[in-house]
K.L.:
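Structure below; questions to follow.
A, B, ... follow the sequence lines: proteins, then strands. Residue 1 opens every chain.
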Number of protein chains: 2
Amino acid sequence: METMSWNQQIVKKNNKALVLQLIMEKEPISRADIAQVSGLHKATVSSLVNELLEEDLIYESGPGESSGGRRPVILHFNKVAGYAVGIDIGVNYVLCILTDLKGNILIEKNQSVKRTPYPTIMTIIQSMIQSIIAEMPASRYGIVGIGVGVPGIVNKQGSILLAPNLGWTNIQLKKDLEDLFNLPVIIENEANAGAFGEQQFGAGQDFQNILYISAGIGIGVGIILNKELFQGKNGFSGEMGHMIIDINGKPCSCGSRGCWEAYASENALLELANSDSLELLIELAENHDETAQRLFREIGTYLGYGINNIINTFNPDQVILGNRLALARQWIEQPIRTTIENHTLAHHQKEMHLDFPKLGKYSTSLGVSAFVVEKFIKEEVKSS
Amino acid sequence: METMSWNQQIVKKNNKALVLQLIMEKEPISRADIAQVSGLHKATVSSLVNELLEEDLIYESGPGESSGGRRPVILHFNKVAGYAVGIDIGVNYVLCILTDLKGNILIEKNQSVKRTPYPTIMTIIQSMIQSIIAEMPASRYGIVGIGVGVPGIVNKQGSILLAPNLGWTNIQLKKDLEDLFNLPVIIENEANAGAFGEQQFGAGQDFQNILYISAGIGIGVGIILNKELFQGKNGFSGEMGHMIIDINGKPCSCGSRGCWEAYASENALLELANSDSLELLIELAENHDETAQRLFREIGTYLGYGINNIINTFNPDQVILGNRLALARQWIEQPIRTTIENHTLAHHQKEMHLDFPKLGKYSTSLGVSAFVVEKFIKEEVKSS
DNA sequence: TAATCTTTGTTTGTTGGATATACAAAGATA
DNA sequence: TATCTTTGTATATCCAACAAACAAAGATTA
């Protein structure tokens, strides 16, 4: 049952969370401004602010500009009250960052890997975290959690059921990390994390309903609806790489045929080009190589078909095309836009934004670190 | 700004709504049971129940069975405190029902139509509502609102932007009905309404995330996520009839090509069969007509492709195949299931339910009437 | 320059809802 | 018959938001 009914304590916690959220979003801000914006009485704001001050989640920075009377006391979010670890496990790299509570990167560890058996990756992760802990500055709350983004199917309990490109099945990474470091751990699908990262810190900050397409070796989609990640019943939502776009199409490794990612992923591109480097193809295109340019146009068109399906399905505010193929933005953007214009329902196109990531290779790692921070803040506010 | 901050009044309203909801779902129920289930103190429940009694939203039916002590007073939802009108506008019919607050149909008006210009339909609707008002039993709140389901694109303000099969563009049905009857009016897309109807009263009562496919002349999809209708940015979500499933496929009336509804709708079937009656084809199939049976298998397979895409995208609890093609369940169900088994990701298939409507032709009309009731209950509880 | 007005934030007291306690009613059980 | 249980109400208490008064500090104006 838990939280069916409401009472004063819940009201207080929610108002406290609201005050903190306003400070995070709108700092520098005064108590009076918070009262104004939130609708809470200024006495209420004062009392909640004082609690947050005692918890070191915010701090005062002295008087601000007067607007005709007594000068306000300026409040700030204490973004260094603690730190979060964000890890992005790719097919040929592991990226590990330490961020403050506002998603600024303080430390970064990057290692490319050739093979990806779980023990190998686990060893790398472990030593990365250990050295980050050693380098990290002191703070009130220390590391508030570890987030990991994985290219695979992750259930809501944090088990990695399947990560084909890593060769993993049924990996209990969450439990292993929790046992090692005794910290909260969040495991998420890489596309979901990227979506959240861009929504929190990147291209999606102004939008409510965002579809983030992670176009890399395969294609996954992170779905943000009403500013919240949508996970589906078990956490498997967004496997749109295996959306059929050609019923008579070519077989896919998943056993189906005509899947989107068989046409519009990095893998599909490299297969078409008979190449093994996206970067090389981009360089060719930049040097006016007709074939490379044509191949990108083709991939862009295929991406457009899938995005058409996404837009007609979700009527989103924004679609973000992320991950590796975003590197080829210059060559694929126009074909995508043209395909949408020619296929997607007119009403759905209006006010729809097609954008590219602002966080570059950090979308996923920042996303999981943001999950960790969100969880920390929520529990910190509730517990006191 | 409105409801950013919380206070005691909001707590009370939500607890009152919770108590009412429990009575609606679990009647017959006693005050003690409500306290048990909700976690509210029995004194609180007592006071809220007394308010609801005064508002005639619930009533007492005398003592129930003792469980070892004083006998409880049994409470019921007063489903006849008011009534709702639900209207389903189809391409060749208008269906109008009057329901009580629990979705039981009291009066039904049905009229088939040949042509669908707006004034014609409006006249029909108007006289239907008028005669329903005349026949309706007396009640405390009378008609609490009018809901209308339309096969077209409806925005969140209730304007019908486009209903191609009715030949309508930019119709202000909501305003016109409000002016005529001075009652709250809700206009919704027919698939969204069907989804809500089945979720409230039909096949979807046990599920959180439901995709309701309205397969008729065209295909639309109603999306229920976490028990709530998802509408997208403007209210246009679920236009999956225009999801591309064959990039080299045949042109669609929307200007695109390879759209799902060009392959898997009633229209597609009739075109293939060179017929103009679904009912006739079903009769043929029942009389062992090989061609008809083969055609249904084909349509079933095409439906399966689209459902595959839906499942991989949403990881839903349930997919409901509704509207006209559900009449051919006997002939299309197996091909659909086979297609899903052969294409959809294994993890997504587990625990996924493919079902057919339980409300038959009433899915949409019951859905809009349920929208009306939901709005009424919400406002009634808040206002006192 | 002094008087007044504004804005900010705190202090003190009030309000309204949930909760705790006591209790009455009514039936089950020993 | 005495005791225990369960249901529901009445009364008192608690707690968070709110309201009012006020102090601090600066702006404005006569």
K.L.:
Between B:His41 (NE2) and C:dG16 (C1'), how many Å, whole number?
P.N.:
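In whole Å, C:dG16 C1' lies 17 Å from B:His41 NE2.
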K.L.:
Nearest of C:dG27, D:dC14, D:dC18 to any side-chain atom of B:Arg71?
P.N.:
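Looking only at side-chain atoms, B:Arg71 lies closest to C:dG27.
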K.L.:
Let me know the distance between NZ of B:Lys16 and C1' of C:dA18, rounded to the nearest Å.
P.N.:
16 Å
K.L.:
Tell me whether the count of non-hydrogen atoms from other residues, nucleotides or ligands lying under 6.0 Å of CD in B:Glu25 goes above 12.
P.N.:
yes
K.L.:
OP1 or OP2 of D:dT6 versus the side-chain N and O atoms of B:Ser67: is any pair under 4.0 Å?
P.N.:
no
K.L.:
Over all strands shown, is A:Ser47 touching base, sugar-phosphate only, or nothing at heavy-atom distances under 4.0 angstrom?
P.N.:
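The answer is nothing, as A:Ser47 stays clear of every strand by at least 4.0 Å.
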K.L.:
Can you label the angle between the A:Phe371 ring and the A:Phe196 ring as parallel, tilted or perpendicular, going by 30° and 60°?
P.N.:
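If you compare the ring of A:Phe371 with that of A:Phe196, the planes turn out parallel.
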K.L.:
Just checking B:Val45: base, sugar-phosphate only, or nothing, at a heavy-atom cut-off of under 4.0 Å?
P.N.:
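The answer is nothing, as B:Val45 stays clear of every strand by at least 4.0 Å.
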K.L.:
Please compare A:Gly68 and A:Asn50 by the position of their nearest nucleotide in DNA chain C and report the one closer to 5'.
P.N.:
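Its nearest nucleotide being more 5', the pick is A:Gly68.
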K.L.:
Rounded to whole angstroms, how far apart are CD on B:Glu65 and P on D:dT5?
P.N.:
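Rounding to the nearest Å, CD of B:Glu65 and P of D:dT5 are 20 Å apart.
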K.L.:
Mind running side chain to side chain contact (heavy atoms under 4.5 Å, CB included) on B:Val148 and B:Val368 for me, showing each step along the way?
P.N.:
CA-CA 6 Å; B:Val148 188; B:Val368 287; 5.6 Å; no
K.L.:
Could you work out which one of D:dA17, C:dA18, C:dT8 sits closest to the side chain of A:Ala32?
P.N.:
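So the side chain of A:Ala32 is nearest to C:dT8.
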K.L.:
Using 30° and 60° as the class limits, which term best fits the ring planes of A:Tyr59 and A:His76: parallel, tilted or perpendicular?
P.N.:
parallel
K.L.:
Within less than 4.0 Å of OP1 or OP2 of D:dT6, is there a side-chain N or O belonging to B:Ser66?
P.N.:
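B:Ser66 to D:dT6 OP1/OP2: no side-chain N or O under 4.0 Å.
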K.L.:
Measure the distance from NZ on A:Lys42 to C1' on D:dA23 and round it to the nearest whole Å.
P.N.:
11 Å
K.L.:
Does a side chain donor of either B:Gln231 or B:Glu188 reach within less than 3.5 Å of an acceptor in the other side chain?
P.N.:
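Yes, B:Glu188 and B:Gln231 have a side-chain donor paired with an acceptor closer than 3.5 Å.
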K.L.:
Please report the distance, rounded to the nearest Å, between NZ in A:Lys12 and P in D:dC15.
P.N.:
10 Å
K.L.:
Please report the distance, rounded to the nearest Å, between CD1 in A:Ile34 and C1' in C:dG9.
P.N.:
12 Å
K.L.:
Would you indicate which nucleotide in C:dA20, D:dA16, C:dG17 comes nearest to any side-chain atom of B:Ala43?
P.N.:
C:dA20
K.L.:
Between A:Arg31 (CZ) and C:dT11 (P), how many Å, whole number?
P.N.:
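Going from A:Arg31 (CZ) to C:dT11 (P), I get 11 Å.
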K.L.:
What integer distance in Å separates A:Ile29:CD1 from C:dG9:P?
P.N.:
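Computing the A:Ile29:CD1 to C:dG9:P distance gives 10 Å.
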K.L.:
Which residue lies toward the 5' end of DNA chain D, A:Arg70 or A:Leu40, if each is placed at its nearest nucleotide?
P.N.:
A:Leu40
K.L.:
Looking at B:Asn15, does any N or O in its side chain come under 4.0 Å of the phosphate oxygens OP1/OP2 on C:dA18?
P.N.:
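Yes, because at least one side-chain N or O of B:Asn15 sits under 4.0 Å from OP1 or OP2 of C:dA18.
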